[in-house]
Each structure stands twice: as structure tokens, then as C-alpha cells.
Amino acid sequence: MIDFTKVGKKISKYRKQINLSQEELADRLFVTRQALSKWENGTSAPSTDTLLELCNFFNVSFEDLLCLNDNEKIEVDPNDIFKGYNREFIINQIIKNELIVNLSDVFYQMSPVERLTILKAIKEEKIKCDLQELVFKLTPSEQRFLLGGQLYELAFIQKK
């Protein structure tokens, strides 16, 4: 999964290395400064054609610009696991076990859709977690989804 927040930081870095303003680079790419700004802050992504133009312009590989070979470990702020990253990227990193977090500590930071995505991965045994700790952070419908009726009662009784 491509983290477009990270890609945007790389576009910004390369643009600054050649001493161009956003306006100047946007003019050379025939896009608006606002579009370039959105790419740099990760709220949108350039088209494939524009990515190729950027690679040629910066004289870098496609893999480099898209951070495909970056193997740096992801560090997140436990108070805001999404800070500086694309939300979908973080959720996928958790599911792939490339980002290890204590789910019961960060679950409240996730949207309802993100929470269900994580719960589905737990149910499919893609993610290991302490269910007895997590169950108290879940809504009743999330508990039923994850554990089912009888399992929910069993988990609840075991916690007492």
C-alpha cells in the first residue's frame, strides 16, 4: 500500500532541493498550485502520468518517488496513530502486522469503518490481540460481531 502522505513529503523535499516554489513546479507540470499542495500534504495523489513526469523532472525512479523501497520502521504517536500518515495506510500496516500497537489503547482513535476493518482482521486471525482487554472498548454491536452471543458472555464472565 502506498502512503501518499509519505510520497507528498518526498515530492516536497525534491522540489525544495531544486529551489522551486510550489507555483513554479505546478506551472512546469501544467497543474494548479493547489493541486500540488494537496499532493505534498497527502490529501490527494497525482495521476500516474504526472507521477512519471515528476520522476523525470526530479531524475528519480518511480519506486523512489512512491517510497516503495523505503524500509524504515513506522513510528506512531500513541496519542494519535494517524498523525503524519494516511489513515488507510496505518490500518493496513496494522493488519499486515507491520505496525504493532496495543489495540485496546488506540481503538478509540479509529472511525467506525476502521474499527470494523480491524475487528474483521481479528476474526480472521490476521491480528492477534488480548480480546479480554479489547472487549470493553467495543460497542455492543462490535462485541456481537467479533465474539458472537455465547462467546461474548464467556469473555465477559472471564473478565470479572
Side-chain angles (χ1 to χ4, degrees), residues 1-16 22 31-48 50-51 54-55 60-160:
M1 162 126 248
I2 296 173
D3 179 3
F4 281 104
T5 302
K6 202 170 169 184
V7 172
K9 288 177 184 175
K10 196 162 269 197
I11 292 170
S12 176
K13 174 184 131 185
Y14 287 143
R15 175 182 58 78
K16 290 173 183 174
Q22 283 184 338
V31 298
T32 65
R33 186 205 52 79
Q34 291 83 355
L36 181 61
S37 175
K38 287 181 179 182
W39 302 341
E40 288 188 0
N41 67 34
T43 57
S44 75
S47 68
T48 305
T50 305
L51 282 169
L54 285 165
C55 290
V60 297
S61 70
F62 199 67
E63 291 82 7
D64 178 38
L65 189 62
L66 292 178
C67 308
L68 298 177
N69 295 328
D70 292 0
N71 290 326
E72 65 187 55
K73 186 176 177 183
I74 300 168
E75 297 288 331
V76 295
D77 177 354
N79 297 317
D80 184 358
I81 62 171
F82 301 108
K83 183 177 181 181
Y85 294 99
N86 175 285
R87 296 181 73 89
E88 185 179 3
F89 174 76
I90 291 296
I91 296 299
N92 283 324
Q93 292 298 300
I94 291 171
I95 291 170
K96 293 189 316 192
N97 290 303
E98 292 179 12
L99 174 60
I100 307 300
V101 294
N102 184 338
L103 286 174
S104 62
D105 290 343
V106 300
F107 208 65
Y108 73 94
Q109 298 176 33
M110 298 177 192
S111 73
V113 170
E114 292 164 345
R115 290 167 66 106
L116 272 176
T117 302
I118 293 293
L119 292 176
K120 182 176 182 263
I122 292 170
K123 200 171 185 177
E124 294 171 351
E125 299 182 356
K126 293 179 182 176
I127 301 174
K128 303 272 187 248
C129 74
D130 182 354
L131 288 180
Q132 290 183 344
E133 189 177 326
L134 182 62
V135 73
F136 293 101
K137 310 287 178 146
L138 304 177
T139 66
S141 61
E142 289 171 339
Q143 292 170 348
R144 283 189 301 278
F145 171 78
L146 183 61
L147 302 171
Q150 291 179 338
L151 289 175
Y152 163 69
E153 291 170 16
L154 178 63
F156 188 76
I157 291 167
Q158 286 178 347
K159 188 65 176 180
K160 284 186 172 184

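Along the sequence shown, the residues carry numbers beginning at 1.
- Annotation: side chain of Met110 is in contact with side chain of Ile91 (closest heavy-atom distance under 4.5 Å).
- Side chains of Ile81 and Ile94 form a contact here, defined as non-hydrogen atoms less than 4.5 Å apart.
- The local environment of CD in Glu125 is sparse, with at most 12 non-hydrogen atoms from other residues, nucleotides or ligands closer than 6.0 Å.
- Using a 4.5 Å heavy-atom threshold, the side chains of Phe107 and Leu138 count as touching.
- Counting only distance, with no hydrogens or angles, the side chain of Ser12 and the backbone of Glu40 share no donor-acceptor pair below 3.5 Å.
- Contact between Gln109 and Pro78 at its shortest, heavy atoms only, is NE2-O, 2.8 Å.
- Legend: salt bridge (Lys or Arg N to Asp or Glu O under 4.0 Å) pairs involving residues 77-87, not counting sequence neighbours, sorted by first then second residue: Arg87-Glu114.
- When all heavy atoms of Leu54 and Leu65 are compared, the closest pair comes out as CB-CD2, 3.7 Å.
- In this structure, Tyr14 OH and Cys55 SG are separated by 9.0 Å, a value rounded to the nearest 0.5 Å.
- Salt bridge status for Lys137 with Glu142: absent, with no side-chain N to carboxylate O gap under 4.0 Å.
- Interatomic distance, Lys128 NZ to Leu103 CG, rounded to the nearest 0.5 Å: 13.0 Å.
- A distance-only check finds a donor-acceptor pair linking the side chain of Asn92 to the backbone of Glu88 [under 3.5 Å].
- For the atom pair CD1 (Ile100) and CD1 (Ile127), the distance works out to 9.0 Å, reported to the nearest 0.5 Å.
- A search for salt bridge (Lys or Arg N to Asp or Glu O under 4.0 Å) contacts involving Lys38 returns nothing, not counting sequence neighbours.
- By the 4.5 Å heavy-atom criterion applied to side chains, Asn102 and Glu133 are counted as neighbours.
- Taking CD of Gln93 as the start and NZ of Lys96 as the end, the distance is 5.0 Å to the nearest 0.5 Å.
- When all heavy atoms of Tyr85 and Thr5 are compared, the closest pair comes out as C-OG1, 3.6 Å.
- Cation-pi geometry between Lys123 and Phe145 is met: the NZ or CZ atom falls under 6.0 Å from the ring centre, inside 45° of the normal.
- Contact record, Leu119 with Leu146: O-CD1, 3.7 Å, taken as the closest heavy-atom pair.
- A donor-acceptor pair under 3.5 Å links the side-chain atoms of Thr117 to the main chain of Val113, judged by distance alone.
- Although no hydrogens or angles enter the test, the distance criterion places a donor-acceptor pair under 3.5 Å between the side chain of Gln143 and the main chain of Val135.
- Gln22 CD to Ser37 OG: the interatomic distance, rounded to the nearest 0.5 Å, is 4.5 Å.
- At least one side-chain heavy atom of Leu131 sits less than 4.5 Å from a side-chain heavy atom of Ile122.
- At least one side-chain heavy atom of Trp39 sits less than 4.5 Å from a side-chain heavy atom of Val31.
- Thr43 pairs by the side-chain hydrogen bond (donor to acceptor under 3.5 Å, both in side chains) definition with Asn41, not counting sequence neighbours.
- One finds the CZ atom of Arg15 at 10.0 Å from the CD1 atom of Ile11 (value rounded to the nearest 0.5 Å).
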